[in-house]
Amino acid sequence: MDTGPEDAEAVADAFVARFVAAWHARDGQALADLFAPDADFVNVVGIWWEDRGAIARAHQYALDSFFAETRLAPGRRKLRPLGPHHLLLHQRVRLSGQRAPDGSEAGARSTIFSFVLERRGADWLAVSAQNTDIVPGAETHVSDGSGLAAKDYRRSR
């Protein structure tokens with residue numbers, strides 16, 4: 001399949017639908033099966049999983065614990081074909097139902113996933129993923145020695 005605009009949309013639709021279905025089924029292996037065996041995945045706090053097995057284990061742990069009742073709602077997306085066998089997919093997602101460390105329900109949050117998809121045979125698999133939290137009103141993070149805090153330098157001028 002050539003990754004023209006129409007085909008890229010179909011590839012992205014199918015990938016996101018399978019990702020969300022695996023998440024809602026709480027199936028870390030099904031989610032990881034969307035990735036190449038040697039894929040990389042960097043989560044919202046910079047934890048870097050470097051193969052399908054690590055992606056499966058990390059997601060299964062989360063889906064069995066603090067993400068056990070979460071829902072994903074895909075939002076805006078942007079696609080950039082990178083030739084006939086590669087596609088860059090940026091996908092906004094709203095996550096709700098996460099559990100806080102004390103067991104209470106945490107507030108909903110939005111993220112942007114960046115996926116590099118590669119056609120391998122008849123399948124399109126992610127070879128790289130990065131998940132970034134959207135922090136409204138912030139430009140960057142600043143380390144204060146005890147952790148990171150979101151900051152907006154525009155407000156201090």
Side-chain angles (χ1 to χ4, degrees), residues 3 5 8-9 11-24 26 28 31-32 34-83 85-118 124-157:
T3 53
E9 286 291 340
V11 168
D13 284 345
F15 182 85
V16 171
R18 290 174 57 206
F19 188 94
V20 170
W23 189 281
H24 290 164
R26 310 294 177 235
L31 189 143
L34 297 170
F35 290 81
D38 59 344
D40 292 291
F41 191 116
V42 179
N43 82 350
V44 295
V45 296
I47 298 173
W48 184 358
W49 302 301
E50 298 185 54
D51 60 49
R52 183 185 283 163
I55 293 166
R57 287 186 300 277
H59 282 87
Q60 194 62 61
Y61 160 74
L63 290 166
D64 286 341
S65 56
F66 53 91
F67 285 157
E69 298 173 28
T70 53
R71 303 297 297 168
L72 296 181
R76 179 176 176 248
R77 104 168 30 132
K78 185 175 180 182
L79 303 173
R80 180 178 304 270
L82 303 172
H85 301 290
H86 294 88
L87 177 65
L88 176 60
L89 162 61
H90 286 99
Q91 178 69 59
R92 284 186 187 240
V93 175
R94 184 160 176 83
L95 179 138
S96 60
Q98 181 176 342
R99 290 287 158 201
D102 68 3
S104 65
E105 186 172 333
R109 60 190 173 97
S110 294
T111 71
I112 299 173
F113 278 101
S114 297
F115 295 104
V116 177
L117 304 181
E118 180 177 79
W124 283 86
L125 299 175
V127 295
S128 180
Q130 166 84 39
N131 190 9
T132 304
D133 274 322
I134 297 171
V135 183
E139 291 180 289
T140 188
H141 287 102
V142 175
S143 176
D144 63 6
S146 64
L148 295 175
K151 298 293 179 184
D152 185 347
Y153 286 84
R154 297 168 293 195
R155 295 187 184 172
S156 64
R157 292 181 193 174

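Taking the side chain as every heavy atom from C-beta outward, Val93 and Gln91 approach each other to under 4.5 Å. Within the 4.5 Å cutoff, the side chain of Glu139 has heavy atoms near those of the Arg154 side chain. At least one side-chain heavy atom of Tyr153 sits under 4.5 Å from a side-chain heavy atom of Thr140. Counting only heavy atoms from C-beta outward, the side chains of Trp23 and Leu95 approach each other to under 4.5 Å. Two residues are said to be in side-chain contact when any heavy atoms from C-beta on lie closer than 4.5 Å; Trp124 and Phe115 fail this criterion. In this structure, Ile112 and Lys78 have side chains that are not in contact, with every pair of non-hydrogen atoms separated by 4.5 Å or more.
Between Phe41 and Phe35, the ring planes are tilted. Angles from 30° to 60° get that label. Classified by interplanar angle (parallel below 30°, tilted 30° to 60°, perpendicular above 60°), the ring pair Phe19/Phe113 is perpendicular.
The CG atom of Leu125 lies 8.0 Å from the CD atom of Glu118; values are rounded to the nearest 0.5 Å. Expressed to the nearest 0.5 Å, how far OG of Ser65 lies from CD of Gln98 amounts to 9.5 Å.
Judged purely by distance below 3.5 Å, without hydrogens or angles, the side chains of Arg71 and His24 pair a donor atom with an acceptor atom. Neither side chain, Asp40 nor Trp49, offers a donor N or O lying under 3.5 Å from an acceptor on the other.
When all heavy atoms are compared, the tightest approach of Val20 to Pro74 is CG2-CG, 3.8 Å. Closest approach of Gly28 and Gln60 over heavy atoms only: N-OE1, 2.6 Å. Between Ala68 and Arg26, the closest heavy-atom pair is O-NE, 2.7 Å.
Judged as a salt bridge (charged side-chain N to carboxylate O under 4.0 Å, His left out), the pairs with a partner in residues 48-70 (not counting sequence neighbours) are, in order, Glu69-Arg99.
Between the side chain of Asp13 and the main chain of Val16, no donor-acceptor pair closer than 3.5 Å is present. No donor-acceptor distance shorter than 3.5 angstrom exists from the side chain of Ser104 to the backbone of Ala100, with no hydrogens or angles considered.
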Quiz item: How far apart are the C-alpha atoms of Leu117 and His86, what are their side-chain angles, what is the distance that settles it, and do they pass the side chain to side chain contact (heavy atoms under 4.5 Å, CB included) test?
Solution: CA-CA 6 Å; Leu117 304 181; His86 294 88; over 6 Å; no
Exercise. Evaluate the side chain to side chain contact (heavy atoms under 4.5 Å, CB included) criterion for residues Tyr61 and Phe67: first the C-alpha distance (whole Å), next the side-chain angles of each, then the deciding distance (0.1 Å), finally the verdict.
Key: CA-CA 9 Å; Tyr61 160 74; Phe67 285 157; over 6 Å; no
Would you mind writing out the side-chain donor-acceptor pairs for residues 126-136 within the sub-3.5 Å range, not counting sequence neighbours?
from: Asn131; atom 1: OD1; to: Thr111; atom 2: OG1; distance (Å): 3.0
from: Asp133; atom 1: OD1; to: Arg109; atom 2: NH1; distance (Å): 2.5
from: Asp133; atom 1: OD2; to: Arg109; atom 2: NH1; distance (Å): 3.4

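Here the rule is side chain to side chain contact (heavy atoms under 4.5 Å, CB included) with Val116, and of Leu87, Leu89, Leu88 only Leu88 fits it.
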